[in-house]
Structure formats: structure tokens, C-alpha cells
Amino acid sequence: SSIMSRPGSWSRVLTNLKKYITKDFSERVYVGKDNLGHRYYEIRNSRQNVSRGFEPPKDAQKTVDYSGPSVEWQSWLKGTRRFPPGDQEIALNRARQQAQLTEDAAREKRAPIVTSTGKGASESTQPRHYPKYEDLEINPGAPLQNDPKKKD
């Protein structure tokens, strides 16, 4: 047997039996549910890195516009926020978001249309080619077509 081996099967059985007797196994504690039907939970007594998760609602992934949990719940799942978001907070954020969208639309209508004139402004939207200069090599090492130093 090697030095860095996995625990044997009997070792695992005894560990699981000890966990069962002392009721030391991990459990899911449900924390909340959002308006889309996701159920969020925390895993207690776990040695895993992941301590939070969610169950999507039935048939949610089949819909085309399924985007997963809201931003507030995603931040709780990642651990960037300590406590789960409340319904009031989510509703307030949605109202702010909607107000910002209407404000942006109104500002877009009020904004003047600015066109560029003068040097460098072009009517075409296509990207322009890189300028060719007499003393600039296009193919490094290749002789230039009209080299002033080259005499026939």
C-alpha cells in the first residue's frame, strides 16, 4: 500500500456509523423561496466547501428565458452577503431598476444627435486600411518597390 492512500472501506463504514450514532451528519436547512419558485438552503455540519445551494422550480430549465436566481440570491449563494435577501429588498431593487430604465430611455430621446466633421471624420462606417508610407516595409526583409536607394 502507498503512503498517500484513501481510507479503506471498513474505515469509511465505521466513520459513517459514528456519524449516525452521534447525529453528526450534514443536513439541509431551508432558508427561503423566491417569487420564481427557487428554494434556497444551507448545508450544516458539512466538510465540503459549498455550504449553500438552491433547487430550481420544476420545468424551469426547459423555458427559453430561464436566467436562474436573482442577483441578490446569487450573492447570498456565493457568500458575498451574510444574510439572505428579503422580498422587500428585491422589490425595491426591481423598482429602482425600472426607474433607471425609463430615465435612460427619456435621456436617450432628449440627447442631441452629434455628427463628427473635420479631419478624420468619414461617412463610411467601414474600418479604414492602415496607411502605406514610402519608407515603411510591408513584408519585412523584402525589397521595397520604389526604393530610392536602389539604383537600376
Side-chain angles (χ1 to χ4, degrees), residues 1-133 136-142:
S1 75
S2 66
I3 297 170
M4 296 288 290
S5 65
R6 294 173 61 196
S9 56
W10 283 112
S11 169
R12 185 164 292 151
V13 167
L14 288 174
T15 306
N16 287 341
L17 183 65
K18 183 181 149 219
K19 279 186 175 181
Y20 178 74
I21 291 170
T22 58
K23 303 224 182 315
D24 190 31
F25 39 84
S26 62
E27 57 179 329
R28 283 186 180 183
V29 178
Y30 284 91
V31 174
K33 189 175 180 182
D34 65 5
N35 57 353
L36 297 172
H38 297 96
R39 290 171 46 117
Y40 300 93
Y41 59 85
E42 251 178 327
I43 302 172
R44 305 263 164 85
N45 278 346
S46 171
R47 293 192 310 194
Q48 297 174 350
N49 289 339
V50 179
S51 61
R52 295 173 177 173
F54 74 97
E55 294 172 353
K58 302 271 187 280
D59 305 328
Q61 282 93 354
K62 292 177 186 168
T63 59
V64 178
D65 57 344
Y66 177 72
S67 61
S70 65
V71 176
E72 296 86 358
W73 277 108
Q74 283 179 8
S75 63
W76 178 81
L77 286 167
K78 290 176 189 169
T80 50
R81 68 181 293 156
R82 193 169 166 195
F83 301 107
D87 292 337
Q88 276 186 314
E89 180 189 353
I90 294 173
L92 184 67
N93 287 349
R94 293 296 157 273
R96 280 185 189 147
Q97 192 177 22
Q98 199 58 43
Q100 186 67 48
L101 288 172
T102 53
E103 187 182 324
D104 289 350
R107 184 174 288 133
E108 190 73 34
K109 286 178 185 168
R110 285 196 317 265
I113 298 169
V114 180
T115 56
S116 177
T117 57
K119 188 176 180 187
S122 66
E123 296 300 316
S124 74
T125 57
Q126 294 294 318
R128 290 182 295 188
H129 294 290
Y130 194 79
K132 293 181 181 177
Y133 298 107
L136 183 72
E137 287 183 318
I138 295 173
N139 296 324

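On a predicted model such as this, the values are computed, not experimentally measured, just so you know.
Neither side chain, Gln97 nor Asn93, offers a donor N or O lying under 3.5 Å from an acceptor on the other.
If you take CZ on Arg94 and CD on Glu89, they are separated by 9.5 Å, rounding to the nearest 0.5 Å. Note: Gln74 CD to Ser67 OG = 8.0 Å, rounded to the nearest 0.5 Å. Note that the CG atom of Asp104 and the OG1 atom of Thr102 stand 8.0 Å from one another [nearest 0.5 Å].
Taking 4.5 Å as the limit, every side-chain heavy atom of Lys18 sits out of range of all side-chain heavy atoms of Thr15.
Surrounding OH of Tyr30 are more than 12 heavy atoms belonging to other residues, nucleotides or ligands, all under 6.0 Å away.
The salt bridge (Lys or Arg N to Asp or Glu O under 4.0 Å) test applied to Glu55 returns Arg28, Arg39, not counting sequence neighbours. Residues passing the side chain to side chain contact (heavy atoms under 4.5 Å, CB included) test with Arg82, sequence neighbours excluded: none. Evaluation of the salt bridge (Lys or Arg N to Asp or Glu O under 4.0 Å) rule for Arg12 yields no partner, not counting sequence neighbours.
Between Arg52 and Gly79, the shortest heavy-atom distance links the atoms NH1-CA, 3.8 Å. Across all non-hydrogen atoms, the minimal contact from Pro57 to Gly37 is CB-O, 3.8 Å. In this structure, Pro56 and His38 approach most closely via the heavy-atom pair CA-CD2, 3.7 Å.
Judged by distance alone, the side chain of Ser75 and the main-chain N or O of Thr80 form no donor-acceptor pair under 3.5 Å. Panel note: side chain Glu27, backbone Arg44; no donor-acceptor pair is recorded below 3.5 Å.
Between Tyr40 and Trp73, the ring center distance clears the sub-6.0 Å criterion.
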**Study point:** Check against side chain to side chain contact (heavy atoms under 4.5 Å, CB included), Trp76 and Val31
**Key:** CA-CA 11 Å; Trp76 178 81; Val31 174; 3.9 Å; yes
